[in-house]
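These notes are about the structure you will find just below.
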Amino acid sequence: MPTVLLLGAGSDMAVAIARRFAAAQYDIQLAGRQAAALRPLQQDLQIRYGITATVHSFDATAYDTHADFLAALPVTPDITVCAFGYLGDQEQAQHDWQEASRILHANFTGAVSVLNVIANVYEAKKAGMIVGISSVAGERGRQSNYIYGSAKAGFTAYLSGLRNRLFRSGVHVMSVQPGFVNTRMTQHLTLPPLLTAQPEQVARVVFKAVQRKKNVLFVKWPWRYIMLIIKLIPEPIFKKLKL
Amino acid sequence: MQKRLANWGNYPAITSEESAYTQEEQLRSFVVANHGFIARGNGRCYGDASLGKHSLSMLRYDKVLSFDTTAGVLETQAGVTLDQILDIIVPKGWFLPVTPGTKFITVGGAVASDVHGKNHHLEGAFSGHITEMDVIIGDGTTVTCSPDRHTDLYWATCGGMGLTGVITRVKFGLKKMETAYIKQKQIKARNLEEVVRLFDEYKHYTYSMAWIDCLQKGDSFGRSILIVGEHATKAELNGKQAQAPLQLPSKPRLTVPFNLPSFILNTFTVKAFNWLYYGKNFKKEINNVVPYEPFFYPLDAILHWNRGYGKAGFIQYQFVLSLDQKDGLIAILRRISEKGWGSFLAVLKVFGRQDSLISFPMEGYTLALDFPVRKGLFEFLDELDEIVLQYGGRLYLSKDARMKQDVFWKSYPNAERFAEIVKAYNPGKRFESLQSERLLLTK
């Protein structure tokens, strides 16, 4: 059976994605910082869907470990989903480098480090798929979350470059721009219901898009146009807006 | 996140701050850091038991932890719904030991309400099938309790409406079955006398309940259909059913997409519905084999059927009276038929013996009725409460949204003892719902 590796498997979105693929009989590799916390999900996937699920310890910011981490997996995954991320606190990050660097490393450098290793493996094999969960926040910097946004912008650019590079080897790279998702990460925010997806919806859409090898995926269609409009606002006007 | 919340009856509706967690450590920190909140499952209780200014949604705490397919024991986190469990266990030849009339409730909710099913007279309530469970109590510690460990916490948690703590993990026994089908028998009863006699005659059946037309008067007063059933054996299936005895045919689901205007429900429409329902059974007795879903969950087939009662919502009124108080049952049904406020759904069932601290069931008759919220309803229900009290009965907390304090304290014989235990595990009202405030359950 094909295998999916989930990097950052503890997030609500990753749980939903794991279940969606497991329901289609994919085996699942769950990777996260607190491996013990992933055991209940491992049991759940095996009991509900009768597939094999394994748990692996993974730290996005421990760059030196990434090659060994991948080499140690029981099988090379057919699909790698990069689902970790850290929203952080914009205001705090403006004054506190610790917080700013946490945001940058969790969302950008960590992702680049681990995907670099995977990309090389897939390129050599001439097979594989990488799914990167980025964010609409990366489409244009806004005062309310530009540190997170800039890290995601970097990640989006990285994924598009990687897609361009790996196309020749038959390796597909998909970028996902979920927009607002009702998860633990956002539970302290008040989100507009029509623009907010449930993790299960993200999972459904991602699963379908993987089968169809989409390049860039907006989970809720209005986001594509909202972000287009936001990108089209001329800078002299944009800088005066409170976004 | 601020959210508009209501339970299945759509009454009351409130704005609540909602939090949700996926790991025990996070739940523990939340419990220690907060006050005045209530754990909440899928919102399928009818009234205000799982509503609070602050609510802790358990729906993401939904992992299945172990399933012993030989002994039939399942262990899950509290937020898993019975619906999800059935998908896992039925194909392996197991069934829920006890199930209420909807499968869209969580395991935590099943414990907090100590739900009963059509088999209560023989197999008891949900609490009778739990081998152990974990509860995070007021000081943030996880206590594992069972019928032999921390028994005070165990019995106050079963039926305790989430007031002893946050139920996180439940391990319970399942029931072996050969097929996903039920061999059912439906018998028409001309009146209340007859249905009560039939209940007695068919009490050896595992599952039983009766649907009552409560708008009838005179000779037909209490006319009803008794429905009894057993899990079908492989030998009792034919054709397609026999080829895949543990697989159910799939069906499209219907839904009520919005709240219907409330004028649609009136005496005339309810009478017409009941006439059709009673009349559809031409024969005195029908025997057939049906999938388990329509037998146990007839209303789940219509998602959001609660919207049929309009925006104001409805009250489900469920009471129990001991077996020797049949007169009380007659008195209440008479009141309803005089008033002409019948409900679509009037379900009668006989409970068996159950010793419990605060759970609803006791040996006797239980009747569940739906009433759309309208002017004069609460006064009318207060009158019914008086009759229930007079005959020594009580109301189901999971369906209650309006009973007065004294009705609760007079009708639950262990109320004082329950309140003491709650106080020990929940000091300073850490766990609190609209219902617990209204009834002073955490005084």
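In the text below, chain A, chain B and the rest are named by the order of the sequence lines, each starting its count at 1.
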What's the shortest heavy-atom distance between Leu65(B) and Pro40(A), and which atoms?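 Minimum heavy-atom contact is CD2-CB, 3.6 Å.
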Problem set entry | Minimum heavy-atom distance Arg48(A)-Ile88(B), with the two atoms named |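 Between these two residues, the closest heavy atoms are CG-CD1, 3.5 Å.
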Region of [X] that comes under 4.5 Å of a non-hydrogen atom in chain B:
X	answer
Asn182(A)	both
Pro193(A)	neither
Gln46(A)	neither
Arg19(A)	side chain

[X], [atom1] atom: more than 12 neighbouring heavy atoms under 6.0 Å:
X	atom1	value
Glu91(A)	CD	no
Arg33(A)	CZ	no
Leu228(A)	CG	yes
Gln94(A)	CD	yes
Lys175(B)	NZ	yes
Gln98(A)	CD	no

Before you tell me yes or no, could you show the steps for Thr76(B) and Gln43(A) under side-chain contact (heavy atoms from CB on, under 4.5 Å), namely the whole-Å CA-CA distance, both residues' side-chain angles and the distance that decides it to 0.1 Å?
CA-CA 10 Å; Thr76(B) 74; Gln43(A) 290 305 110; over 6 Å; no
pair Val15(A)-Thr22(B): side-chain heavy atoms closer than 4.5 Å:
no
Q) Heavy-atom distance under 4.5 Å between the side chains of Gln42(A) and Lys63(B), does that happen here? A) no
- Task: First locate atom CD1 of Ile47(A), then atom NZ of Lys92(B), and finally report the distance between them rounded to the nearest 0.5 Å.
- Result: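 If we round to the nearest 0.5 Å, Ile47(A):CD1 and Lys92(B):NZ are 10.0 Å apart.
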### Message
Need one label for Glu24(B): side chain, backbone, both or neither, based on atoms under 4.5 Å from any heavy atom in chain A.
### Response
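The answer is neither part of Glu24(B).
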- Side chain, backbone, both or neither of Asp87(B) within contact of chain A (heavy atoms, under 4.5 Å):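 Looking at Asp87(B), nothing touches chain A.
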With chain A, the option among Gln84(B), Glu17(B), Glu25(B) that has the most non-hydrogen atom pairs under 4.5 Å is Gln84(B)
Quick one: do Glu200(A) and Arg60(B) make a salt bridge, cutoff under 4.0 Å? yes
